[in-house]
Number of protein chains: 2
Amino acid sequence: MKQKKLKLIDDVMLTETQKILSLLKNPVRLQILYILSQQNLSVSEIVELLHLDQSLVSHHLSDLRKYQLVSTKRDGKSIFYELDDPHILDIVNETLEHADHVLKGKKHNEK
Amino acid sequence: MKQKKLKLIDDVMLTETQKILSLLKNPVRLQILYILSQQNLSVSEIVELLHLDQSLVSHHLSDLRKYQLVSTKRDGKSIFYELDDPHILDIVNETLEHADHVLKGKKHNEK
DNA sequence: CATACATATGATAACATATTCATATGAAAG
DNA sequence: CTTTCATATGAATATGTTATCATATGTATG
């Protein structure tokens with residue numbers, strides 16, 4: 001079969017891409033990023049909002065911090081989280097939009 | 001702490017989003033989508049291009065088909081795959097762009 | 001119609017990720 | 001300085017994902 005020279009995604013990019021998508025793929029982390037895009041919040045506020053275990057939330061926040069998607073600031077006893085990488089929201093929004101399209105009738109596939 | 005009414009991503013959206021990101025997260029599937037965005041290819045062509053097992057490629061193609069990201073056409077003995085959902089590329093590209101930014105110096109975080 | 005070729009599939013094994021539980025840390029307030 | 005409150009962490013467990021192997025299917029060709 002006749003093939004043009006096809007470009008592949010190189011390994012470094014692939015690894016980085018995987019990291020980002022792995023972080024976003026998790027529903028808890030996605031929610032966290034989503035609410036942090038609206039307002040900076042302390043851990044216990046996030047716990048309340050999402051009705052999840054403190055420990056679980058902390059673990060996920062730790063993952064997000066590790067990859068520098070969020071950063072922290074202490075205020076009194078609480079630790080507040082904020083988005084450290086607004087660009088990540090472009091991906092989140094693009095994906096949410098896509099999900100929305102798919103749910104509203106799979107436009108691309110009405111056979 | 002004073003909180004605005006914060007919006008959450010609803011469960012249905014969350015589930016759909018997860019499906020999409022799970023598919024994209026895998027490097028093999030991501031490569032496949034990337035090369036199919038350049039040209040329709042048969043299974044064996046993909047196998048050659050990516051230097052992977054036929055069985056592995058078939059499994060991944062099956063996943064992509066299952067969620068209607070790709071579709072197939074038989075031509076002679078071969079089965080050709082094509083993107084069935086071009087919009088998915090927006091997410092892919094957004095993510096690749098992001099990965100590129102991060103790799104080229106983590107612009108958002110030069111402290 | 002028997003064989004070859006391309007692709008698909010089911011079962012299992014190897015590996016990764018998420019959740020839970022128990023406990024540690026570390027700042028703040030008495 | 002010791003108790004309390006908020007958050008973090010490590011280890012164990014549960015769950016999900018990916019790769020591999022053996023084999024099945026289905027079309028084409030002699």
Side-chain angles (χ1 to χ4, degrees), chain A residues 1 3 9 11 14-33 35-36 40-82 84, chain B residues 1 3 9 11 14-33 35-36 40-82 84:
Chain A
M1 249 287 113
Q3 277 179 31
I9 302 168
D11 273 10
L14 216 49
T15 305
E16 188 63 33
T17 303
Q18 235 189 309
K19 263 196 258 178
I20 299 162
L21 293 176
S22 306
L23 284 167
L24 295 184
K25 168 185 140 30
N26 179 282
V28 175
R29 288 191 297 261
L30 194 67
Q31 274 301 9
I32 291 177
L33 291 171
I35 60 180
L36 288 180
N40 297 348
L41 295 165
S42 71
V43 177
S44 50
E45 289 174 329
I46 297 172
V47 165
E48 265 203 48
L49 267 163
L50 303 185
H51 312 292
L52 297 172
D53 250 59
Q54 178 270 317
S55 175
L56 182 57
V57 169
S58 268
H59 275 297
H60 283 300
L61 285 170
S62 150
D63 292 341
L64 291 170
R65 217 170 351 131
K66 192 161 142 197
Y67 292 104
Q68 298 175 260
L69 298 193
V70 301
S71 61
T72 58
K73 272 180 190 145
R74 177 175 283 274
D75 178 3
K77 285 189 202 164
S78 299
I79 293 186
F80 281 78
Y81 277 78
E82 57 181 294
D84 193 29
Chain B
M1 249 288 109
Q3 278 178 30
I9 303 167
D11 274 10
L14 217 49
T15 306
E16 188 64 32
T17 303
Q18 236 189 309
K19 260 195 261 177
I20 298 162
L21 294 176
S22 305
L23 284 168
L24 295 184
K25 169 186 140 28
N26 178 283
V28 174
R29 287 191 296 262
L30 194 68
Q31 275 300 8
I32 290 177
L33 290 172
I35 60 180
L36 287 180
N40 298 349
L41 295 164
S42 70
V43 177
S44 49
E45 288 172 330
I46 297 172
V47 165
E48 264 203 50
L49 266 164
L50 303 185
H51 310 293
L52 298 171
D53 250 60
Q54 178 269 317
S55 174
L56 182 57
V57 169
S58 268
H59 275 296
H60 283 301
L61 286 169
S62 151
D63 292 340
L64 292 170
R65 217 172 349 135
K66 191 159 141 198
Y67 293 104
Q68 298 175 261
L69 298 192
V70 301
S71 62
T72 57
K73 273 182 188 141
R74 176 175 283 273
D75 179 3
K77 284 190 204 167
S78 300
I79 293 187
F80 280 79
Y81 277 77
E82 58 182 294
D84 194 29

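Quick note on labels: first sequence line is chain A, next is B, and so on, each numbered from 1. Quantities reported herein were computed from a predicted structural model and do not represent experimental measurements.
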For this session: In whole angstrom, give the distance that lies between atom CG of B:L21 and atom P of D:dT17.
Result: 12 Å
For this session: Measure distances between side-chain N and O atoms of B:S22 and base N and O atoms of D:dT17, and say whether any donor-acceptor pair falls under 3.5 Å.
Result: no
Problem set entry | For atom NE2 of B:H60 and atom P of D:dT17, their distance in whole Å | 12 Å
Exercise. With distance as the sole criterion, do the side chain of B:H59 and the base of D:dT20 form a donor-acceptor contact below 3.5 Å?
Worked result: yes
For this session: Identify whether any heavy atom of A:N26 sits under 4.0 Å from a base atom; if not, whether one sits that close to sugar-phosphate; answer base, sugar-phosphate or nothing.
Result: sugar-phosphate
Exercise. How long is the gap from CG on B:L36 to CD on B:Q31, to the nearest 0.5 Å?
Worked result: 11.0 Å
For this session: Map A:R74 and A:K25 onto DNA chain D by nearest heavy atom, then report which one ends up closer to the 5' terminus.
Result: A:R74
Exercise. With a non-hydrogen cut-off below 4.0 angstrom, is A:S44 in contact with a base, only sugar-phosphate, or nothing?
Worked result: sugar-phosphate
For this session: Measure from CG on A:D53 to P on D:dA14 and round the result to the nearest Å.
Result: 16 Å
Problem set entry | Any donor-acceptor pair under 3.5 Å from A:T15 side chain to A:D11 backbone | yes
Problem set entry | Rounded distance in Å - CG (B:L61) to C1' (D:dT18) | 15 Å
Exercise. Can you check the A:L23 CG to C:dA16 P distance for me, whole Å?
Worked result: 16 Å
Exercise. Where is the tightest heavy-atom contact between A:K25 and B:K25, given as atom of each residue plus distance?
Worked result: CD-CD, 3.8 Å
For this session: Output the single nucleotide from C:dT7, D:dA8, C:dT9 whose closest atom is nearest the side chain of A:S58.
Result: D:dA8
Problem set entry | Any donor-acceptor pair under 3.5 Å from A:R65 side chain to A:V70 backbone | no
Problem set entry | Euclidean distance, atom CD of residue A:Q18 to atom P of D:dT17 [Å, nearest integer] | 14 Å
For this session: Tell me what B:S78 touches on the nucleic acid: a base, only sugar-phosphate, or nothing, going by heavy atoms under 4.0 Å.
Result: sugar-phosphate
Problem set entry | Side-chain-base donor-acceptor pair under 3.5 Å for B:Q54 and C:dA8 | yes
